[in-house]
Amino acid sequence: MADGSRVVTRDTSERRREITTMIRTRGSVQVAALSELFGVSMQTIRKDLHYLEDHGVATRAYGGAISSEVVNAQVEPAIETKRVIHTEAKERIGKLAAGMVNPGESIMLDSGTTTLQIARFLPDEEDITVVTNDFDVLGVLNQKRKIKIVMLGGELRRKNMAFYGAQTVAALDDLLLDKLFLGVDGLDIERGITTHHDAEAQLNRRMVETAREVIAVTDASKFGKVCLHRIIGVGDLDVLVTDTGAPSYIDEAADRLGFGLYKA
């Protein structure tokens with residue numbers, strides 16, 4: 001009897017160590033997928049996740065758990081850090097999103113390292129107009145000789161090299177755009193799309209009002225993350241472009257809330 005107890009304890013601890021590694025590597029896990037992977041019941045997996053939550057490894061979320069390192073993160077990473085993390089996923093997302101831009105359209109590229117990749121992959125066509133408040137996006141677009149560029153002025157926030165403020169918001173008053181490609185700091189199904197910076201949230205909400213179609217672009221690390229300032233609800237999106245590491249509950253949310261979902 002004692003020997004059997006030791007086997008069960010060892011199997012449980014090993015499984016929990018593996019789940020911990022997965023959470024820290026991927027940022028999130030799902031109960032159903034873990035149940036299938038380890039050949040145990042979903043109730044057992046829920047107990048594992050409850051244990052990991054008690055030990056500060058994860059926070060329970062819809063259908064699974066997410067890394068405690070990305071929940072309620074109030075500290076915005078430096079732009080230098082953002083440029084070097086999840087780069088392959090951001091490139092794939094950027095290429096896929098750029099392919100959604102049609103000849104003759106006017107688009108808005110929000111600030112961010114993922115929208116920067118969209119700028120890289122945009123075709124250099126004279127009948128495409130790009131509006132942006134991002135200094136780095138401007139630098140990339142400037143290398144393309146045909147695209148028409150409209151730069152929003154304002155006060156430069158060096159934390160993320162983008163312009164904000166009343167002047168930036170006012171510049172949108174007379175613009176009507178086909179598509180907005182919205183960067184994401186946090187995306188939670190219940191709490192919506194959020195950002196670290198209040199002025200950015202205000203500007204993003206105004207951007208949403210100017211665009212016929214709102215397309216959020218984000219790598220999978222942003223799911224389940226909640227920042228201080230809310231932009232819009234997930235149900236207000238027309239399209240979400242992400243990578244194949246996105247948790248399975250995003251597919252269910254797309255069906256339930258009615259937005260298009262594309263994975264690069």
Side-chain angles (χ1 to χ4, degrees), residues 90 92-134 137-138 140-141 144 146-154 162-187 189 192-195 199-219 222 229-242 246 250-251 253-264:
K90 291 175 182 177
R92 295 197 306 271
I93 293 167
K95 187 173 184 178
L96 177 57
M100 297 178 175
V101 179
N102 301 310
E105 288 189 328
S106 58
I107 69 168
M108 172 85 69
L109 291 184
D110 180 28
S111 62
T113 50
T114 305
T115 52
L116 181 66
Q117 296 301 322
I118 299 175
R120 283 188 56 212
F121 288 105
L122 278 177
D124 191 10
E125 302 290 346
E126 290 181 349
D127 54 357
I128 293 177
T129 300
V130 182
V131 182
T132 188
N133 67 315
D134 188 289
V137 168
L138 173 64
V140 169
L141 293 176
K144 301 176 186 286
K146 297 180 181 179
I147 286 179
K148 182 179 178 181
I149 306 168
V150 178
M151 186 68 188
L152 302 178
F163 292 91
Y164 300 100
Q167 181 181 347
T168 320
V169 173
L172 295 173
D173 286 348
D174 297 323
L175 296 181
L176 295 174
L177 302 168
D178 294 300
K179 293 182 172 76
L180 163 64
F181 292 92
L182 181 67
V184 170
D185 285 335
L187 192 154
I189 299 302
I193 297 173
T194 55
T195 184
E200 182 170 10
Q202 293 182 40
L203 178 62
N204 286 162
R205 286 192 291 269
R206 186 68 186 92
M207 288 177 173
V208 168
E209 293 173 358
T210 69
R212 181 172 52 83
E213 187 175 12
V214 179
I215 304 169
V217 290
T218 179
D219 65 84
K222 306 296 178 60
H229 301 284
R230 188 175 189 270
I231 302 171
I232 56 173
V234 177
D236 295 322
L237 292 176
D238 295 297
V239 176
L240 172 62
V241 184
T242 184
I250 295 298
D251 297 79
D255 291 336
R256 177 166 55 88
L257 298 175
F259 59 85
L261 178 63
Y262 297 87
K263 297 179 182 180

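In this chain, residues are counted from 1 in sequence order.
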Practice item. Would you indicate whether the side-chain heavy atoms of Ile128 and Pro123 approach each other to under 4.5 Å? Key: yes
Check your understanding: Is there a side-chain contact between Thr210 and Leu180 (heavy atoms, below 4.5 Å)?
Key -> no
Point to revise | Pairwise distance OG1(Thr195) to CZ(Arg230) - rounded to 0.5 angstrom | key: 13.5 Å
Review point. Should Asp178 and Arg212 count as an ion pair when the cut-off is N to O under 4.0 Å?
Key: yes
Check your understanding: Which pair of heavy atoms, one from Thr168 and one from Gly153, lies closest together, and at what distance?
Key -> OG1-O, 2.7 Å
Exercise for review: Go through the steps to decide whether Val140 and Leu116 satisfy the test side-chain contact (heavy atoms from CB on, under 4.5 Å), and finish with yes or no.
Suggested key: CA-CA 8 Å; Val140 169; Leu116 181 66; 3.5 Å; yes
Review point. Between the main-chain N or O of Val214 and the side-chain N or O of Asp238, is there a donor-acceptor pair closer than 3.5 Å?
Key: yes
Review point. Rounded to the nearest 0.5 Å, how far apart are CD1 of Ile232 and CD1 of Ile193?
Key: 4.5 Å
Check your understanding: In Å and rounded to the nearest 0.5 Å, what is the CG to CG distance from Leu141 to Asp124?
Key -> 9.5 Å
Practice item. Please say whether more than 12 non-hydrogen atoms of neighbouring residues, nucleotides or ligands are located less than 6.0 Å from CG in Asp174. Key: no
Check your understanding: Quick one: do Lys179 and Glu105 make a salt bridge, cutoff under 4.0 Å?
Key -> yes
Exercise for review: Indicate yes or no: at least one non-hydrogen side-chain atom of Arg206 is less than 4.5 angstrom from one of Asp173.
Suggested key: yes
Practice item. Over all heavy atoms of both residues, which pair between Phe163 and Leu152 is shortest? Give the atoms and the distance, please. Key: CB-O, 3.7 Å
Review point. Going by heavy atoms in the side chains, are Glu200 and Asn204 under 4.5 Å from each other?
Key: yes
Check your understanding: Should we count NZ of Lys95 as having more than 12 external heavy atoms under 6.0 Å?
Key -> no
Check your understanding: Step by step, would you call Val239 with Phe259 a side-chain contact (heavy atoms from CB on, under 4.5 Å)?
Key -> CA-CA 5 Å; Val239 176; Phe259 59 85; over 6 Å; no
Exercise for review: Can you spot which of Val130, Ile107, Thr129, Val131 makes a side chain to side chain contact (heavy atoms under 4.5 Å, CB included) with Leu177?
Suggested key: Val131
Review point. Can any side-chain N or O of Lys263 pair as donor or acceptor with the backbone N or O of Ile93 at less than 3.5 Å?
Key: no
Review point. Are the charged groups of Asp251 and Arg256 less than 4.0 angstrom apart, N to O?
Key: no
Point to revise | Stepwise side-chain contact (heavy atoms from CB on, under 4.5 Å) check, Gln202 with Tyr164 | key: CA-CA 9 Å; Gln202 293 182 40; Tyr164 300 100; over 6 Å; no
Revision key, fill the gap. Of all heavy-atom pairs linking Ile189 and Ala253, the shortest is CD1-CB, 3.6 Å
Review point. Around atom OH of Tyr262, are there more than 12 heavy atoms of other residues, nucleotides or ligands at under 6.0 Å?
Key: no
**Study point:** Within-4.5 Å side-chain heavy-atom neighbours: Ile215 and Leu237
**Key:** no
Study note, to complete from the structure: Scanning both residues in full, the closest heavy-atom pair of Gly183 with Thr115 reads N-CG2, 4.2 Å
Point to revise | Check: Thr242 side chain, Thr218 main-chain N or O, donor-acceptor pair, under 3.5 Å | key: yes
**Study point:** Rounded distance (nearest 0.5 Å) linking atom NE2 of His229 with atom OG1 of Thr194
**Key:** 10.0 Å
Exercise for review: Would you name the heavy atoms of Leu257 and Gly235 that are closest together and state the gap between them?
Suggested key: CD1-N, 4.0 Å
Review point. Given the rule in the side-chain contact (heavy atoms from CB on, under 4.5 Å) test, do Val241 and Met100 qualify, once you have shown the distances and angles that lead to the verdict?
Key: CA-CA 10 Å; Val241 184; Met100 297 178 175; 3.6 Å; yes
Check your understanding: Just checking, any donor-acceptor pair under 3.5 angstrom between side chains of Asp134 and Ser111?
Key -> no
Review point. Per the side chain to side chain contact (heavy atoms under 4.5 Å, CB included) rule, which among Leu172, Leu182, Thr132 passes with Met108?
Key: Leu172
Check your understanding: With side chains defined as the heavy atoms from C-beta onward, is the minimum distance between Val234 and Asp236 less than 4.5 Å?
Key -> no
Review point. How many angstroms lie between CZ in Arg92 and CZ in Phe121, if you round to the nearest 0.5 Å?
Key: 11.0 Å
Exercise for review: Side-chain contact test, heavy atoms from C-beta onward, threshold under 4.5 Å: evaluate it for Lys146 versus Glu125 and give yes or no.
Suggested key: no
Exercise for review: Apply the side chain to side chain contact (heavy atoms under 4.5 Å, CB included) test between Leu109 and each candidate in Asn133, Val137, Thr114; give the one that qualifies.
Suggested key: Val137
**Study point:** Min side-chain heavy-atom separation Met207-Asp110 under 4.5 Å
**Key:** yes
